[in-house]
Amino acid sequence: MSIVIRMGDIYESVMELAKRRGFVWPTSECYGAVAGFVDYGPLGAMMKRNVENLWRRFYVIREGYYEIECPTVGSESIYIASGHVKGFADKMCQCPQCREYLRADHVAEAHGTNGAACLSAEDLAALLHGLPCPACGELLENPAVFDFNLMFETSIGPGSQRKGYLRPETAQGIFTDFNRLVRFYRNRLPFGAVQIGKSYRNEISPRQGMIRLREFTQAEAEIFVHPDQKEHPNFSAYADYAMPLLGIEQQQKSTPSILVTMKDAVAQGLVANEYVAYYLALTHDLLLRAGVDAEKLRFRQHLPDERAHYAEDCWDAEIFSERFGWVETVGIADRTDYDLRAHAKESGESFTVFIPFDEVRYETRRRIVADMGVLGPQYRGRAKRIADALAVATPGNEGAEVTIDGETIFIPKSLYREVEEQVEIRGIEVRPHVIEPSYGIDRMLYAVLEHSYAEEMVEGEVRKVLRLPPDIAPVQVAVFPLMNRDGLDEIALSITGILAERAILAQYDDSGAIGRRYRRQDEIGTPFAVTVDYDTREDGTVTVRDRDTMRQVRLPIGDLPETLASLIAGTLRFDQL
RNA sequence: GCAUCGAUGGUCUAGUGGCAUGACUUUGGCCUUCCAAGCCAAUAGCCCGGGUUCAAUUCCCGGUCGAUGCACCA
């Protein structure tokens, strides 16, 4: 019936369509676009929201991880704790000869300077002067050393007293709200929270359109689990879910990915635990549901040298793009307690959950109780500190030694007594581990557009069509009068209204020949089109046309809301009509 | 950020130191009983800034954006 034709540069075609039909535009074109930023046009914004809502259906509604919303501007302390201020600011310089960018501290380290990363830019520049460029060998002359941090910096309030950063990921907001979240979830593990929102990274050289943006949308879930209980309570839902995994071993031996069930992947130790496996499967499920081509999706495990030192296991969902190759779109990591520990250290708060024991436990503890009646007058200001030090000291036969301000003081036995007491232990403070699935929504959206895009020959004409899942498509239904007269238009308009009341986004169009109107909708991926013709006036039926097959069936107008709603939800297939 | 190449209505494109092509799209009208039909009309463009010149969309310089290579990508 139709032949799919070979396409040239699919990226060009997809982006041309996306621009022309209002999916994605270069930002602020009237002043000259800025690389790394895009505007979502009317259809793009609609489609993006549909993708986000699909994500919410999986993570918020199904998993029960509630969504929070934090500021995109955060104070410096957050990112000092997270490691972004230090870990993301590299001292760099450029070789004046070959123009190679160099990590200034690396060059200095290579020539025998230890701890070069901690030196100031001036000191580093002085050190580098006269050293050979590792790229071209020319001697560096007074190289300009500058900080490059991928975070956008800003100041909070007038006079720029307080430094702030645009968040480089949404995750930190969930971590900084941890203690509130623990109470919200009534002190029980596991629990999770999610956030969908903008993040910012001042990429040195953003290329590749929507793939590498300076402002982008992330959907992140942080799932807090007991460190010793990494069995997902609902693991059975995905235990038998089979999908191809490209583990470390497969990559090192250059063998293809292996098809395994999640149950086996965990049993074989390929995936670290049930939680990670569960979200690998859920992500696979979600991406296919969003319109990603299963053949162009793989899950790749981070190699030991690319995995962060604290991560127990880390996988990327990579989506194949004709233009960009394999693109990391989702990261799924077991981050252990790294983030919570870092914030606990920086903020001084605990970042733990109190887990009660099933039964109260009793422990016998020895404690040293100072005789403050004597210690107080004798040591005055230092008495309290001495008593505290005594409490944890290990006394000898004659007495105990404590060290205060570097001075070792001997406290004779007579000034304290050792008591043995029974303590009730009702539970312990546990610092949860974090399982983090992190999605790049813009990349996902681009991948869905690219994978959905098709050109085919229909009766000598090229038909461009986006085969988007019905609930991802920006517009769900188009409504046409066959002729723009004889009352057909009024009927079509009233159908549009009826569908709107059922919260179905229907677009009315009476302009131009009917075939042209079908093509217009094909191009933006509208899955269904309702046409009012002369039979409608006789028997109250209309045709419903399926985008992918271009087949039509007649239905009574009264059935439309229910039938279309089921078709869009995917509970009914068109070929079942 | 460096190097090379490019930028003409919404889209694709012709062309030029002197009134800027054509097609498609869009809008209006006529026509039209289901897949970009036809006819008439309309709307709409030389990326931005500076220089050379009587005159610059065209030549020169700088910038922006895009493509490619290098570098970067916790």
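In what follows, every chain begins at residue 1, and chains take the letters A, B, ... in the order their sequences are listed. Everything numeric in this text was worked out from a predicted model, so none of it was measured.
Within the structure, salt bridge (charged side-chain N to carboxylate O under 4.0 Å, His left out) pairs that include any residue of residues 525-539 of chain A comprise A:Asp533-A:Arg554, A:Asp535-A:Arg554 (at least two apart or interchain).
Of the candidates A:Lys198, A:Arg443, A:Lys48, A:Thr217 forms a side chain to side chain donor-acceptor pair (under 3.5 Å) with just one, namely A:Lys48. Residue A:Thr526 forms a side chain to side chain donor-acceptor pair (under 3.5 Å) with just one option from A:Arg545, A:Gln521, A:Arg547, and that option is A:Gln521.
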Subject >> Contact letters for nucleotides 41-48 of chain B, in which S counts primed atoms plus P, OP1 and OP2 and B counts the base, heavy atoms under 4.0 Å >> reply: --------
**OP:** Mark up nucleotides 24-37 of chain B, 5' to 3', with B wherever a protein heavy atom is under 4.0 angstrom from a base atom, S wherever such an atom reaches only the sugar-phosphate, and - elsewhere.
**Re:** -SSS----BBBBBS
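Nucleotides of RNA chain B nearest to A:Pro168 and A:Lys19 differ in position, and the one nearer the 5' end is that of A:Lys19.
Between A:Glu322 and A:Lys296 there is a salt bridge, with a side-chain nitrogen of the basic residue lying less than 4.0 Å from a carboxylate oxygen of the acidic one.
B:C54 and B:A67 have their P atoms separated by 40 Å, given to the nearest Å. Here, B:C31 and B:C39 have their P atoms 16 Å apart, quoted to the whole Å. Using atom C1' as the reference point in both B:C19 and B:A56, the two lie 16 Å apart (nearest Å). For the C1' atoms, the distance linking B:U57 with B:U16 amounts to 8 Å, nearest Å.
With A:Trp326 as the aromatic partner, A:Arg298 meets the cation-pi criteria of under 6.0 angstrom to the ring centre and within 45 degrees of the ring axis.
If you look at A:Phe324 and A:Tyr11, their ring centroids are closer than 6.0 Å.
Protein atom CD of A:Glu169 is 17 Å distant from nucleotide atom P of B:C73, rounded to whole Å. Distance CD (A:Glu203) to P (B:A71): 16 Å, rounded to an integer number of Å. What separates CD of A:Gln218 from P of B:A74 is a distance of 13 Å, to the nearest Å. The interatomic distance linking A:Arg307 (CZ) with B:A74 (C1') rounds to 16 Å, in whole Å. What separates CG of A:Asn149 from P of B:C72 is a distance of 17 Å, to the nearest Å.
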Can you list, pair by pair, the side-chain donor-acceptor contacts under 3.5 Å of residues 19-26 of chain A, counting residues two or more places apart and other chains?
unit_1: A:Arg20; atom_1: NE; unit_2: A:Glu16; atom_2: OE2; d: 2.5
unit_1: A:Arg20; atom_1: NH1; unit_2: A:Glu523; atom_2: OE1; d: 3.3
unit_1: A:Arg20; atom_1: NH1; unit_2: A:Glu523; atom_2: OE2; d: 3.4
unit_1: A:Arg20; atom_1: NH2; unit_2: A:Glu16; atom_2: OE1; d: 3.4
unit_1: A:Arg20; atom_1: NH2; unit_2: A:Glu523; atom_2: OE2; d: 3.0
unit_1: A:Arg21; atom_1: NH1; unit_2: A:Arg520; atom_2: O; d: 3.3
unit_1: A:Arg21; atom_1: NH1; unit_2: A:Glu523; atom_2: OE1; d: 2.9
unit_1: A:Trp25; atom_1: NE1; unit_2: A:Lys19; atom_2: O; d: 2.9

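Between A:Phe574 and A:Phe528, the ring-plane angle classifies as parallel under the 30° and 60° cut-offs.
Counting only N and O atoms by type, the side chains of A:Arg167 and A:Gln195 include a donor and acceptor under 3.5 Å apart.
Judged by distance alone, the side chain of A:Arg323 and the main-chain N or O of A:Ile10 form no donor-acceptor pair under 3.5 Å.
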Output one line per pair: protein atom, nucleotide atom from nucleotides 65-69 of chain B, and distance, for all N/O pairs under 3.5 Å.
unit_1: B:C65; atom_1: OP1; unit_2: A:Ala35; atom_2: N; d: 3.0
unit_1: B:A67; atom_1: O3'; unit_2: A:Arg323; atom_2: NH2; d: 3.1
unit_1: B:U68; atom_1: OP1; unit_2: A:Arg323; atom_2: NE; d: 3.4
unit_1: B:U68; atom_1: O4; unit_2: A:Arg207; atom_2: NH2; d: 2.9
unit_1: B:G69; atom_1: O6; unit_2: A:Arg207; atom_2: NH2; d: 2.4

**OP:** Would you sketch RNA chain B in dot-bracket for me? Only Watson-Crick or G-U wobble pairs with both distances under 3.5 Å count, crossing pairs as [ ], other-strand pairs as |, the rest as dots.
**Re:** (((((((..(((.....[...))).(((((.......)))))....(((((..]....))))))))))))....
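Look at B:C19: its glycosidic torsion is within 90° of 0, and that puts it in the syn range.
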**OP:** Using the side-chain hydrogen bond (donor to acceptor under 3.5 Å, both in side chains) rule, take A:Tyr534 and A:Asp486 through it: C-alpha gap first, then chi angles, then the decisive distance, then the call.
**Re:** CA-CA 9 Å; A:Tyr534 284 90; A:Asp486 302 323; 2.3 Å; yes
